[in-house]
Amino acid sequence: DRVFGPDTSTDEVYRCVAQPIVKSAMNGFHGTVFAYGQTASGKTFTMMGNEDHPGLIPRAIQEIFDTIENTPEREFLIRASYVEIYNENVMDLLGPKDSVKKNLDVREDKDGNVFVNNLTEKICNQPEALLSHLKMGESNRHFAATNMNERSSRSHCIFKVIIESKLRSVELDASAINVSHLNLVDLAGSEKAKHTGAVGQRLVEGASINKSLSTLGQVILQLSENAKFIQYRDSKLTRILQNSLGGNSKTAIIGNVTLASMEETLSTLRFATSAKCIKNQAVVNEVISDSALLKRYRQEILKLEEKLKITNEMMAAKEQE
Ligand SMILES: Nc1ncnc2c1ncn2[C@@H]1O[C@H](COP(=O)(O)OP(=O)(O)OP(=O)(O)O)[C@@H](O)[C@H]1O
């Protein structure tokens, strides 16, 4: 919808692209922001940034907790997961460091929601906690060298924040809980293998990366043409992002381009042009069942309070004897 020049600050990109989606996610809409482009075009710089220039993800994290502070009438529960898709394997970046869970299954629940099975989710009540999980996940990521970018990331990463909230004034059983997912995605470089001089293991990685990315390209094209069949199931990336791409989600795609290759720039712009034609149908996601964690936690607290009451009564009776 718009072009950002070389002098644009990440802050401006955040305010134009990501902030409206983060704000909507705090109000119950699913949201997704992802960066697409060739290696060394600035995807990681845009999404993660560095100490001096925080990227969209750390800014979104800050916004989430600022919103919580400024919305005293609602109770929030925030949790996060972080997966890496590497050679079509889905890995859990937030599990214990010495035993990173690999090859996780992607499944669908009875309501048609796609999820990664057995994935670690961390509950966070401060921005620092969420940021430290992000950093921990980052240190588990695969980085390898190619000719185009020494610290080139060869994998797709999805940092997901799940936001649950309810009005404090309404009894838990009577009120619906908003449950929204905010996906912040850093894709692997979209360049073709011939440019990177990839051989051996690097070439295998290239093939897998390109499988996910070429499926992503196909899916975007099919959605933009209102095709009857969309091939989400052909790659892990499109399967996990199914809802974000053609469903109930507010989604922004950032196409990063560089002067390094006219051909790749053109291909990124074609991808973005198709993506612009897609119309998603986003709605507020209210849950009244027990699937919301807030509800299960509240029930747990009630049970524990009841147990504590009984124990206290028993102790008081003993003291009287
Ligand atoms: N807007 C920017 N301002 C300053 N430096 C930038 C900017 N964008 C990218 N860079 C720098 O350019 C280099 C490549 O960027 P980055 O690693 O973000 O690319 P990438 O698209 O994520 O690459 P890959 O696909 O290999 O992960 C990095 O050293 C990064 O710090």
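Sequential numbering from 1 along the given sequence is applied to the chain's residues. Whatever order the structure lists them in is the order used to number ligands and atoms, beginning at 1.
Lys250 and Ser24 form a side-chain donor-acceptor contact under 3.5 Å, judged by distance and modelled atom types alone.
Within ligand 1, counting atoms from 1 as listed, the ones closer than 4.0 Å to a heavy atom of Gln38 are 21 (O). For ligand 1, the atoms lying closer than 4.0 Å to a non-hydrogen atom of Lys43 are 18 (O), 19 (O), 20 (P), 21 (O), 22 (O), 23 (O), 24 (P), 25 (O). Using a 4.0 Å cut-off to heavy atoms of Gly189, the atoms of ligand 1 that qualify are 25 (O). Within the listing of ligand 1, atoms 18 (O), 20 (P), 22 (O), 27 (O) sit less than 4.0 angstrom from a heavy atom of Thr44.
Of the candidates Phe4, Tyr36, Phe45, the one placing a heavy atom closest to atom 11 (C) of ligand 1 is Phe45.
If you take CG on Asp105 and CG on Asn117, they are separated by 6.0 Å, rounding to the nearest 0.5 Å.
As a member of the Ile/Leu/Val/Met/Phe/Trp/Tyr network built from side-chain separations under 4.5 Å, Met314 groups with Ile310.
Residue Leu187 has no N or O atom closer than 3.5 Å to an N or O atom of ligand 1.
By the criterion of side-chain heavy atoms lying less than 4.5 angstrom apart, applied directly or through intervening Ile, Leu, Val, Met, Phe, Trp or Tyr residues, Phe115 is not grouped with Val90; the two fall into different hydrophobic clusters. Using a 4.5 Å cut-off between side-chain heavy atoms of Ile, Leu, Val, Met, Phe, Trp and Tyr, with links allowed through other members, Leu184 and Phe29 fall into different hydrophobic clusters. Note: the hydrophobic cluster containing Ile158 also contains Leu104 (ILVMFWY, side chain heavy atoms under 4.5 Å, direct or indirect links).
At least one heavy atom of Ser41 sits less than 4.0 Å from an atom of ligand 1.
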